[in-house]
Amino acid sequence: MEQTSHRFKENAERALASSTLRVALDRTTTLLRTRRAAVVAAFPEFAEVRGTAARIKDHTIAHLDHYLEMFERNAIASGAKVHWARTPDEATDIIVRICRQAGARTATRVKSMLGEEIGIGEALAAAGIERVETDLAEHIIQLAGDPPSHIVMPAMHKTHEEVAELFSRKHRRAPDALDVASLVESARRELREKFLSADVGISGANFLIADTGSVVTVTNEGNGELTTTPPRVHIVNAGIEKLVPTVEHATVLLRLLSRSAIGTEFTQYTTFYNGPRRESDRDGPREMHIVLVDNRRTDMLAGFLRPMLRCIRCGACMNHCPVYGAVGGHAYGAVYPGPMGAILTPAMSNLAVAGDLPNACTLNGRCREVCPVDIPLPDLMRRLREEQWSRGLTPRVVRSGLGLWGTLARRPGLYRLATRLAVFSLRLVGWRAGRIGAFPLAGGWTRHRDLPSPQRGTFMDQYRAGRRR
Amino acid sequence: MGEEGKGGAVGRHGSAPRVGLFVTCLVDAIRPSIGFASLKLLEDAGCIVEVPARQTCCGQPGFNSGDNAIARDLVVGWIEAFEGYDYVVVPSGSCAGMLKCHGGDLFAGEPDWAARHSALADRTYEIMSFLVRVMDYRPSGVAWPGRATYHDSCSGLRELAIHDEPRALLAAVDGLELVPLEGNDVCCGFGGTFCVKYPSISNAIVAEKARQVGASGAGLLLGGDLGCLMNMAGKLSREASPVEVRHAVEVLAGMDDEPALCRSE
Ligand code: SF4
């Protein structure tokens with residue numbers, strides 16, 4: 001997808017002007033938050049498991065080279081082929097090459113954020129390979145031509161009313177009715193034959209298990225197995241941070257993933273893939289390829305963003321983010337939105353073009369509170385601001401405003417004087433009404449809110465004059 | 001947490017605790033009554049209170065914009081002005097959180113300052129948590145008739161785990177009925193410089209907050225952080241809402257002579 005993070009403010013304005021977007025976001029995020037809260041409340045050891053999960057990820061990341069090699073060995077032993085890609089382009093080149101070698105005309109795909117990250121859709125289109133998205137939400141956004149707006153629910157920005165309209169227009173046979181069940185049925189009808197006729201199935205991975213070489217996916221719609229089993233070739237694309245040492249470690253993370261993502265104890269389907277079809281198997285692909293993608297993850301590993309590699313892509317941080325809730329995922333202008341995206345996007349592209357993202361956050365800390373692997377998201381955003389500051393990327397107005405404030409705040413005497421002046425001028429405008437509706441340089445505040453008029457005299461002046469109560 | 005104890009805390013030399021009150025820059029400029037209410041409550045609770053003249057700001061605007069140099073200097077200024085006191089008390093969860101939880105990050109490679117910081121951070125409290133946790137204080141003989149609701153500002157709630165203390169104190173106010181606020185733990189959209197850097201987003205968030213305040217049925221909105229209170233009062237005022245907005249200490253100290261935020265004198 002085309003990255004528009006540098007136009008974050010514009011994107012946000014557009015999002016705020018859309019009342020249907022607001023309805024769509026409200027409905028879904030409220031539902032996800034409520035369900036998560038209930039399922040976490042019914043899981044007394046949540047905090048403990050969360051700590052264990054963070055330690056598992058930290059350990060694996062600290063020994064990533066070791067576990068990657070272990071995974072590669074065991075995956076090859078199970079009959080899979082393992083490919084390494086440093087960049088998104090290398091990854092899509094590998095995938096397209098595999099498709100071509102298999103003589104593929106059609107590829108079915110089950111949603112993975114890594115696929116979005118490397119731009120698999122564009123790459124397959126450029127290679128003339130038909131891509132069939134089998135996930136309901138991905139099917140919706142493929143028909144609509146939209147990028148995903150959420151990492152778990154990519155069509156979060158659409159109301160079901162909008163989906164009904166879309167399906168009526170685009171499906172070969174229009175839905176029988178406009179309720180959610182009929183829409184699902186319509187999508188099923190549209191997709192069913194394609195499942196069976198595809199040459200290649202492409203999936204992601206939620207976990208890669210080093211000591212068995214297995215790939216684990218969690219899905220809810222049953223499309224995962226239909227995408228990966230019938231075709232001759234199964235391609236897995238996965239980020240190198242998906243590793244865990246053993247199955248036991250994966251199960252710890254599995255206890256958190258679905259609870260955090262959609263507020264259920266477990267997903268409908270949790271599938272472990274171990275190589276292609278064996279002699280004794282009745283079905284399954286002839287070939288299995290695993291494409292392991294770096295895309296700046298090793299850079300993160302080496303720097304202060306390292307805790308971000310714990311992320312298991314549950315989406316809880318965005319479901320609980322007031323900014324995401326107001327503007328939705330598209331405003332972030334990149335594959336990953338919300339708090340985790342505000343860190344991943346600058347890390348995977350460039351802090352200079354994605355500079356708004358770590359700043360468009362109130363540092364309220366709710367994302368960290370719900371993150372199942374305890375990533376200190378607000379601290380990481382602040383660290384990115386620090387990097388912006390030291391690299392001179394902070395906007396000039398912010399810099400000079402803070403410069404002036406800093407000069408004063410470092411000198412208590414001067415600071416007293418400046419405060420007295422500010423209070424005096426604010427009171428000139430506001431004392432009669434008790435509030436100020438407009439004030440020079442305060443337009444950002446007063447466009448939407450009144451500013452309370454200051455009380456008579458600063459605290460320090462009154463205190464010095466002897467007032468005590 | 002250093003010398004935390006229940007009830008009748010004493011100073012380091014055995015007498016009444018000497019408290020340095022850090023009034024915060026917003027309280028100093030916009031709403032001194034919060035500072036005086038804090039002074040009164042601390043004295044009623046048995047503390048000897050002083051307001052060191054050298055204080056300015058906790059450094060949050062710089063720290064949260066990535067300018068660590070200025071934030072470091074202001075935290076140094078704070079340590080120098082306050083380390084002679086038994087306790088530092090702050091009528092703001094976010095300023096207390098800045099000084100207590102983040103100040104130490106600014107002294108990498110300066111072990112002496114880091115040690116001085118951590119010694120003082122241990123003795124630094126947001127006012128309501130100090131009154132309850134350290135002084136075991138409850139107001140008495142204070143009345144405020146009517147229905148009020150409480151917004152938990154994010155830094156106080158998540159950095160300092162302040163939740164029960166304001167409620168315990170407000171429960172001792174005669175006539176005050178505290179009703180729940182839906183989304184009481186959700187950010188109001190203030191975020192310091194955030195609200196002027198991203199005014200439309202901030203507005204969308206505070207508009208939702210104002211809607212929930214209206215739906216609570218309370219006539220009075222209370223909180224513990226002036227920045228957030230200004231944001232919510234500003235929005236409620238712009239929408240001509242009848243709900244009054246105050247810092248909780250004003251009610252706890254029985255100081256109702258000053259008009260509420262955004263109300264005329
Ligand atoms: S940062 Fe945490 S909460 Fe957000 S998607 Fe990743 S694991 Fe989930």
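The shown structure was predicted, so the numbers you read here are calculated from the model rather than taken from an experiment. Below, read A as the first sequence line, B as the second, and so on, with proteins coming before strands; counting in each chain starts at 1.
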Working to the nearest 0.5 Å, report the span between [atom1] of [X] and [atom2] of [Y].
{"X": "A:H448", "Y": "B:K235", "atom1": "NE2", "atom2": "NZ", "result": "7.0 Å"}
{"X": "A:L408", "Y": "B:C57", "atom1": "CG", "atom2": "SG", "result": "11.0 Å"}
{"X": "A:N364", "Y": "B:S153", "atom1": "CG", "atom2": "OG", "result": "11.0 Å"}
{"X": "A:Q455", "Y": "B:I30", "atom1": "CD", "atom2": "CD1", "result": "9.5 Å"}
{"X": "B:S33", "Y": "A:R467", "atom1": "OG", "atom2": "CZ", "result": "7.0 Å"}
{"X": "A:F459", "Y": "B:I34", "atom1": "CZ", "atom2": "CD1", "result": "11.0 Å"}

(message) Counting heavy-atom pairs closer than 4.5 Å to chain A, which one of B:V196, B:I205, B:D67 comes out on top?
(response) B:D67

(request) Could you check which of B:A53, B:P259, B:G77 has the highest count of heavy-atom pairs closer than 4.5 Å to chain A? (result) B:A53

(message) Hydrogens and angles aside, do B:N231 and A:R449 bring a side-chain donor and acceptor to less than 3.5 Å of each other?
(response) yes

(request) Go through the side-chain N and O atoms of A:D356 and B:Y198 and say whether any donor and acceptor fall under 3.5 Å apart. (result) yes

With a 4.5 angstrom heavy-atom cut-off, could you sort out which part of [X] is near chain B: side chain, backbone, both or neither?
{"X": "A:V323", "value": "both"}
{"X": "A:C361", "value": "backbone"}
{"X": "A:Y463", "value": "both"}
{"X": "A:R447", "value": "both"}
{"X": "A:Q388", "value": "neither"}
{"X": "A:R368", "value": "neither"}
{"X": "A:A12", "value": "side chain"}
{"X": "A:R399", "value": "neither"}
{"X": "A:L402", "value": "side chain"}

(message) Run B:I70 and A:W405 through side chain to side chain contact (heavy atoms under 4.5 Å, CB included) and show every step you take.
(response) CA-CA 10 Å; B:I70 172 69; A:W405 163 83; 3.6 Å; yes

Quick one: what part of [X] sits under 4.5 Å from any heavy atom of chain A, side chain, backbone, both or neither?
{"X": "B:Q55", "result": "both"}
{"X": "B:A29", "result": "both"}
{"X": "B:D28", "result": "both"}
{"X": "B:M255", "result": "side chain"}
{"X": "B:F36", "result": "both"}
{"X": "B:S65", "result": "both"}

(request) Flag the pair B:D44 and A:R469 as a salt bridge only when some basic side-chain nitrogen lies within less than 4.0 angstrom of an acidic carboxylate oxygen. (result) yes

(request) Kindly check if the number of other-residue, nucleotide or ligand heavy atoms within 6.0 Å of CZ (A:R464) is above 12? (result) no

(message) I'd like to check B:I201 versus A:F8 (side-chain heavy atoms, cut-off strictly below 4.5 Å). Are they in contact?
(response) yes

(message) Is the shortest side-chain heavy-atom distance between A:R366 and B:R158 below 4.5 Å?
(response) yes

(message) If you count heavy-atom pairs within less than 4.5 Å of chain B, which of A:R420, A:R411, A:E387, A:M460 leads?
(response) A:M460

